[in-house]
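Worksheet for the structure shown next.
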Amino acid sequence: VRKPLVVFTPKSGLRAKATRSPLSAFTSGSFEEVLDDTGVRDPQSVKRIILASGKVANEAIAHRDSHEVGTVAVVRVEQLYPWPTRALANAVARYPNSTEGVWLQEEPANMGAWEFARTLLEPLAEARKVPLRYIGRPRSASPSEGSAAWHRMNQRVIVADAFAVAATRPASTLATN
């Protein structure tokens, strides 16, 4: 089945080394709906699986690598619709000892993929008997804080929260107008 490919990315993603693909991916590869974490050395030791889409997934991988967090896997959901149920289940199955699932997004809870993905992720989490949590900005009437400095600070908080042992930091720690 031929499907058109539409890629939405900030300009920084066009030049970042982390988002580059080898030439072979274009000549003999194909689009992958889910990208498993290739940076995990020991899948048996993974306790938390972070599911993310877009730029925040790359930020989570960079955070994980710079802080040497070996017990967290970052699985990138590259296609949101149609939902990649089988590919996602296969990626998650690679981490049999995981005890927690996290959906990470930078948009407010009512604006990103969370409300759509949640209903599709809950059966997977229930089947594995692990809790599923949302980490991101709280619900908001506006998609941004209105300040680039606040956005950068809040982005660091969100990514750090995804890795926190008890990632239950209240939304009040995010900067607001």
Side-chain angles (χ1 to χ4, degrees), residues 1 3 5-8 18 30-65 67-141 143 154-174:
V1 176
K3 297 185 248 180
L5 175 63
V6 179
V7 178
F8 293 96
S30 64
F31 176 73
E32 296 179 48
E33 294 101 352
V34 174
L35 296 175
D36 198 357
D37 194 333
T38 58
V40 171
R41 292 185 193 100
D42 180 15
Q44 301 293 322
S45 69
V46 169
K47 299 298 180 197
R48 177 177 297 154
I49 301 171
I50 296 175
L51 304 169
S53 183
K55 179 178 78 94
V56 75
N58 293 321
E59 292 173 356
I61 291 169
H63 180 90
R64 192 263 328 270
D65 292 347
H67 291 82
E68 298 179 3
V69 183
T71 60
V72 176
V74 180
V75 175
R76 295 172 45 188
V77 182
E78 295 291 303
Q79 176 176 296
L80 297 173
Y81 190 86
W83 187 254
T85 304
R86 184 173 295 139
L88 194 53
N90 290 340
V92 168
R94 184 171 167 233
Y95 310 104
N97 298 323
S98 63
T99 58
E100 185 177 25
V102 170
W103 178 266
L104 173 66
Q105 73 178 29
E106 64 180 307
E107 300 88 0
N110 59 320
M111 294 188 190
W114 169 240
E115 292 192 355
F116 169 73
R118 176 184 188 174
T119 59
L120 299 164
L121 289 171
E122 284 173 342
L124 179 60
E126 288 171 8
R128 293 180 50 91
K129 295 179 176 50
V130 298
L132 173 67
R133 291 183 307 109
Y134 166 80
I135 301 288
R137 288 174 171 77
R139 297 177 68 81
S140 174
N154 288 337
Q155 193 70 8
R156 285 191 299 272
V157 168
I158 289 166
V159 172
D161 277 354
F163 289 87
V165 174
T168 57
R169 188 185 312 233
S172 62
T173 60
L174 298 179

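Quick note: residue numbers are just sequence positions, from 1. Note that this is a predicted model, so its numbers are computed, not measured.
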Is there a side-chain contact between Asp36 and Val75 in this structure, where contact means two heavy atoms from C-beta onward sitting under 4.5 Å apart? yes
Glu107: what forms a salt bridge (Lys or Arg N to Asp or Glu O under 4.0 Å) with it, not counting sequence neighbours? none
Would you say Leu104 and Val74 make side-chain contact, with heavy atoms under 4.5 Å? no
Would you compute the distance between atom CG of Leu51 and atom CD of Gln105 and round it to the nearest 0.5 angstrom? 12.0 Å
Where Arg137 and Gln155 come nearest, the two heavy atoms and their spacing: NH1-OE1, 3.0 Å
Looking at every non-hydrogen atom in both residues, tell me the closest pair between Pro84 and Val77 and how far apart they are. CG-CG1, 4.3 Å
To the closest 0.5 Å, what do you measure between OG1 (Thr85) and CG (Leu121)? 9.0 Å
Can you measure from CZ (Arg64) to CG (Asp37) and round to the nearest 0.5 angstrom? 4.0 Å
Could you check, using the six-membered ring where one of them is a Trp, whether His63 and Phe163 have ring centers closer than 6.0 angstrom? yes
Taking only residues two or more places apart in sequence, or in another chain, which ones meet Gln44 in a side chain to side chain contact (heavy atoms under 4.5 Å, CB included)? Asp42, Pro96, Asn97
Shortest non-hydrogen contact from Tyr95 to Pro43? CD2-O, 3.7 Å
Quick one: list whatever passes salt bridge (Lys or Arg N to Asp or Glu O under 4.0 Å) with Arg128, sequence neighbours left out. none
What I want to find out is whether Glu115 reaches Arg139 closely enough, with some N-O distance under 4.0 Å, to be called a salt bridge. yes
OG/Ser53 to CH2/Trp114 distance, rounded to the nearest 0.5 angstrom? 14.0 Å
Looking at every heavy atom in both Asn58 and Arg76, which two are closest together, and how far apart are they? OD1-NH1, 3.5 Å
Any idea which heavy atoms bring Tyr134 and Pro108 closest together, and the distance? OH-C, 3.6 Å
With heavy-atom distances below 4.5 Å as the criterion, would you say the side chains of Arg133 and Val102 are in contact? yes
Please round to the nearest 0.5 Å and tell me the distance separating atom CG of Leu132 and atom CG of Leu124. 8.5 Å
Please find the pair of heavy atoms, one from Ile135 and one from Ala162, that lie closest to each other, and give the distance. CG2-N, 3.9 Å
